[in-house]
There are 4 protein chains.
Amino acid sequence: MSEASNVAGERLLSIITRVERLEEERKALAQDIKDIFQECKSAGFEVSVVKQLIRIRKMEPAEVAEAAQILDTYMHAIGMAVD
Amino acid sequence: MSEASNVAGERLLSIITRVERLEEERKALAQDIKDIFQECKSAGFEVSVVKQLIRIRKMEPAEVAEAAQILDTYMHAIGMAVD
Amino acid sequence: MSEASNVAGERLLSIITRVERLEEERKALAQDIKDIFQECKSAGFEVSVVKQLIRIRKMEPAEVAEAAQILDTYMHAIGMAVD
Amino acid sequence: MSEASNVAGERLLSIITRVERLEEERKALAQDIKDIFQECKSAGFEVSVVKQLIRIRKMEPAEVAEAAQILDTYMHAIGMAVD
DNA sequence: CTGCCATTTTACCGGC
DNA sequence: GCCGGTAAAATGGCAG
């Protein structure tokens, strides 16, 4: 036999191979992102600021959710929970 | 104009949008990988060991041997050697 | 010789031993914290709320620092940095 | 009254204060450990390998053997065995 | 080559 | 008691 010596081995190898494939795609995307930031820099933008902008755009909904969660926790704490 | 008030702004918005798009694809791939490890677990494999295997497969054989060698040397040095 | 077979080995063993000692102290502190939360629960407080309070007390200065960092980043970006 | 407005509040504040104190001690210990690894590096040891050694020392010998065994089995299963 | 940041791994904590 | 997600820590990669 050449690679996987039995049924379990074939299954395992399939798992490993698929993961490795997806990781490569992931790596390629990371490279694409890096390329865009390179272009960003060439266009005269501060990369760190742009990254921060992106982070803020992501965070705003997250912060709303967090605030809601804090409120919810307190309401539970004082026995006012609706559920 | 709707969002970006000038040429630089449009360029910047384009950059941000493209990065965000790629990041979402990255996130989706990460989820796919998680799913495979879930399947891996269901199939009865030790996920941590499978991850270790994938790590080893990424390394050059020489690197693997060298790392083992250093570890062995240190173990001898502190009297932890198996022999 | 019994444990470390040479000068380098003794040095290495000393390093390892000290790290292990500090890690144990760290672990003991973690246990102490857990014990306090147990007491907290017994006293009738909602542990999750107390933890959140602690987190919030930690976060306030962190948020100030973050805001300052954002300002700093922008000032750099527009060439107004003081340094 | 200054900070805690009642007995429960005082109790709660005591809990919070003690936890925060212990967390600071924990943080200080983490810094001490970092310092030792810095010294370790300066002494010419491979920090990653030393960390690996410490991990192995924490494990029961039987566990070490078992983990190696499983890895070996999987490597054989997918045809990566060295022998 | 050192410090920083992203990713990964590990420990914790709640629900089922 | 295990399993799931979540928060902390460690690791590795990268820019400066």
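Everything numeric in this text was worked out from a predicted model, so none of it was measured. Below, each value reflects all heavy atoms present in this structure, side chains not excepted, and no hydrogens, waters or symmetry copies. So that the names make sense, note that chain A is the first sequence line, chain B the second, and so on, each numbered from 1.
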### Message
Would you say B/Lys41 places a side-chain N or O within less than 4.0 Å of OP1 or OP2 belonging to F/dG4?
### Response
yes
### Task
Could you check whether C/Arg55 gets within reach of a base, just the sugar-phosphate, or nothing at all, counting any heavy atom under 4.0 Å?
nothing
#### Entry: D/Thr73 side chain to D/Gln69 side chain, donor-acceptor N/O pair below 3.5 angstrom
yes
### Summary
Per nearest nucleotide of DNA chain E, the residue lying toward the 5' end, C/Ser48 or A/Arg26, is A/Arg26
### Message
Output the rounded distance in Å from CD (D/Gln31) to C1' (F/dA9).
### Response
14 Å
### D/Arg21/D/Glu25 ion pair, N-O < 4.0 Å
yes
### Integer-rounded Å distance: F/dA15 C1' and A/Phe37 CZ
14 Å
### Query
Rounded to the Å, how far apart are B/Lys51 NZ and E/dT7 P?
15 Å
#### Entry: 5' precedence on DNA chain F between B/Gln38 and D/Ala30 (nearest-nucleotide basis)
B/Gln38
### Query
If you look at every heavy atom in B/Ile15 and A/Cys40, which pair is closest and at what distance?
CD1-CA, 3.7 Å
### Query
To the nearest angstrom, how far is C/Gln69 atom CD from E/dC5 atom P?
8 Å
### Atom-to-atom span, CD1 of D/Ile36 to P of F/dA10 - whole angstrom
13 Å
### Query
Between C/Glu66 (CD) and E/dC5 (P), how many Å, whole number?
13 Å
### Message
By the 4.0 Å heavy-atom rule, please label A/Lys27 as base, sugar-phosphate, or nothing.
### Response
nothing
### Message
Please report the distance, rounded to the nearest Å, between NZ in A/Lys34 and P in F/dG16.
### Response
11 Å
### Query
Would A/Arg18 and A/Ser14 count as having a side-chain donor-acceptor pair, cut-off 3.5 Å?
yes
### Query
In whole Å, what is the span from the CD atom of C/Gln52 to the P atom of E/dG14?
13 Å
